[in-house]
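The chains referred to below are lettered A, B, ... by the order of the sequence lines, with proteins before strands, and numbering in each begins at 1.
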Amino acid sequence: MKGIVFTEFSEMVEQKFGLETLDNIITKSGASGSYTSIGTYPHSEMVNLVVALSEETSTPIGSLLEAFGSYLFSSFTRMYPQFFQDINDPFDFLENVENYIHSEVLKIYPRAQLPSIDAIRENEQSMRLVYKSDRRMSDLAVGLVKGCLKHFGEDADIEKVIDENSGAHVEFRIQMK
Amino acid sequence: MKEIELLKRQLERERAARREAEKILEEKSLELYQTNNLLLEVNASLEASVKERTQTIEESERKYRTLVESAGDIIYRVGANGKFTYVNPKAIQVSEFSKDELLEMSYLDLVSPKFRQKLSNYYRFQLKERIKSTYVEFQMVTKSGKELWIGQSVDLDEGGGAIEFIALARDITDRKKVERALLMNEEKYRSIIENMELGLLEVDREGIIIKAYPKFCKLTGFESHELEGRIAGEVLLDDEERRKMKKRNERRKEGEPGVYEVQIRRKDGSKIWVMISGAPYYNLNNQMAGSVGIHLDISDQKRTQKELVEAKDLAEESLRAREAFLATISHEIRTPMNAIIGMSELLATSHDNYTKEQTKYISTIRSSANSLLMLINDLLDFSKIKAGQLSLTPKPAILIDHLRHVIDLLDPKAEQKGLLLQLNTSLTNEIGHVLDPLRLEEILINLIGNAIKFTEKGKITLNVEILKDEDNTSTLHFEVVDSGVGIPDEEIELIFSDFKQSSNTSDLNAGGTGLGLSISQSLVRLMGGDLCVKSTVGVGSTFYFTLELKKTDDIKLAEDNPNAGKVPSLPGFNILVVEDNEINLTLVRTILEKWKCTISSAPNGLVATEKVQEEEFDLVLMDVRMPVMNGLEATRKIRSDGFTRLPIVALTANALETEVRKCRNAGMNDFLSKPFSQDSLYEKILPYYNSNSQETMESLVDLSGLRSMTSGDEAFTRRMIDLFIEEATKYNDQLRSAMKSGDTEQIRKIAHTLKSSIAHVAINRILDDVKEIELELTESECLNKTEKFSENLDLLIDELRTL
């Protein structure tokens, strides 16, 4: 898993729950806690960190991942403003994820294992989003979508339509309000 | 304190992260450096190989350039705008422009104005359709204004980005000249032939029409497209014509040219006759590719030819009719004449006690009848001469015998007038000559007869002088000299004319038709001489002619000729006389023994049938009315016993037509009425003596058919046989030429024509042959059969000639 996820996670935990909680979950989970955004770390380490945070804060993992997704999105807007130029609509952005953003990421990190995000626009107000990843972190994806909506100042109902393969294949319907 | 520990740990983690990041960066930068170095190396090697390639290209370009520069053909490049971008030295040499001038010019500037538009369109099309390569021929104009024919290949070159034309061109002016000369030559002959009203047709080996020329189309009424691609024979010919053509085409395939006539069916179904001159033509490999037929419309000629043939046939037919008529008339007149002569002879000797007056009457009847008979003979001869049908029958003969015969014949007449008739000649009976002795006698009898007629006192001499005696021929001069009244000069020219007699005759009863000299002259001419006369009025006349006669050693044959001597001789002729009347038998026996025949006799028919079984006879003379078994019955028995070819001649006193028929029906060959003269008996039995001597060979002749038609008139029969010989000889020649050309159609036509006349004179086997030929046999069978038949026909003709 890309280092940026770990560095941003660490920053969010420090920001939202304090340095002590961060230190606690690192110690508890047995993770190194030392991350650079250009490095690559085991996926299990992230899972352990999230589980430890859930126990520490008595918050469900899903909610935590969703919150992290929303945080991560705002970090992306800050760190990679070139992806957001000339895009004024969350659906336009989501449609670009697979073909534009992921392919740009692969240029810098050729070995990155990215989820597949297929965005199908059903009408002007509705979009189906197909998530496929062995990492089974669709909650993180929902958080990212919410961050996206928030970035463009939109509000929408996100309904999980399909959940198969223990979360390896999940489909959402995003209905604009 | 806890705070500090916490921060310390955090700091430691941050440091570790930084170091890790630095390490990653260092690794990345080393990786980058190494990749860069690798790239540099690759670059260097690339450069080297590019350089190498460039050198190779330059090298080959130099090679090509040298090639292009020294090429014997014009090579140039032209941009899409038509301007020259490259010209080789040959281009400069041919165009006469300098290189610099050319590079400023468009290729069209060099093209002759009459080709400019065409060429411009042509290459625009090539460019538009991206056609890789083209070839075109056109005329160019050089700087000095010379016009040259150019053959040019142009390739499109898209290799270097901008499209260019690469042209390879050659001066083909010489070739064009030759082509044009050839074309003009061909056109010249074609237009000559087309203007000659000759229809040209080109067909391939299979007979499929390749080209039908306008005149041929006009001839047949077809359009050329209706003919081309079709099989000539199927469109233009009938089945029959096609069959004929097939055979000719086989020969033409073998390369044999030929001219022949054929009937063509026009589009409207009408037929025209054309003469075709066909000749094969060959392809470049010298194999026969087909043939050209030149057709000339000969319908008009054919029509004329047909009309001429019809006219000729008609003329010949009427000539034949005339001949047949004359033959019939001759028969009709001679028969009663013979009766008159014979009866008056009988009358004269049948009684001893005639009064002087009665004897004179009988003698007058006889001499008048003889004159009349001579007159009729003259007329018949004359009409034959007029029809050009008088022909000679030369055979070996001893001339002196015939000269003596003439003298003996006329001596009594001369004596009557108190004239001396002499023969002067050095000829002996040891030399044989080939001539028609009877006709020569006729001439001399006529000349001497005239001499007697026109001479009152003195003598008449027949001089026959040998002018020249060579190994094979004798030249003889014949002269009849009289001491008569002579012929006035002004009449000399007239005496050989028809129906003319000298007026200078003291004998007003001289009589005659006036045809004698005319006939004699014709006969002498037929023998190769010319009858002339010299005369002095009051002194006498001399008629003379000269003949060149072939000599022959075949004196035996000449002696055998029964007509050669005065007394007939038939040695070895074995005759059975069937007669119940002793006196008659003795008479016949006396005559026949005088002729050296061997005689046996039978008193009635029954004995005759037995005798025939016991001995081989050449002839039976059969009385009709006899006791025990009559002649008719006996004849039927003899025939049914298998003696079908044994000649039986009836002797009967009953001269009625019905009796004659009865004899024929019974199977008798001929008929002689009693009482008969020696001459007529001789005449009756002679034919069987002649054919008797030939019996070693199978006879092809069977005259029973003809005889039944001519009712036994031998003279008439002879004429018919002569007619047949003449016609059959002609048809046999036609058969042979038809066999040579394999024209079975013509063979069948001739066979059909011959069939009916052959039935009259030939045995059934020959008749069967000719019938078979007429039937539809296969071609080869027909030809074989015809060959055999033709040989037999020759034998038949020969045999008929000797009868």
Colleague: In terms of side-chain geometry, is the basic nitrogen of A:R121 or A:D92 positioned less than 4.0 Å from the acidic oxygen of its partner?
Modeller: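 Here A:R121 pairs with A:D92 in a salt bridge, since their nearest N and O are under 4.0 Å apart.
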Colleague: Do NZ/NE/NH1/NH2 and the carboxylate oxygens of A:E154 and A:K177 come within less than 4.0 Å?
Modeller: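 Result for this pair is no, no salt bridge flagged.
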Colleague: Any carboxylate oxygen within less than 4.0 angstrom of a Lys/Arg side-chain nitrogen, looking at B:R62 and B:E59?
Modeller: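 A salt bridge links B:R62 with B:E59.
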Colleague: Does any backbone or side-chain atom of B:E14 lie under 4.5 Å from a heavy atom of chain A? Answer side chain, backbone, both or neither.
Modeller: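 For B:E14, neither part sits under 4.5 Å from chain A.
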Colleague: Considering only heavy atoms, which portion of A:F6 lies under 4.5 Å from any heavy atom of chain B: side chain, backbone, both, or neither?
Modeller: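 For A:F6, no heavy atom lies under 4.5 Å from chain B.
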Colleague: So for A:S32, is it side chain, backbone, both, or neither that comes closer than 4.5 Å to the heavy atoms of chain B?
Modeller: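 Backbone only.
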Colleague: Can A:D157 and A:Q175 be counted as having a side-chain donor-acceptor contact under 3.5 angstrom?
Modeller: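 Side chains of A:D157 and A:Q175: no pair found under 3.5 Å.
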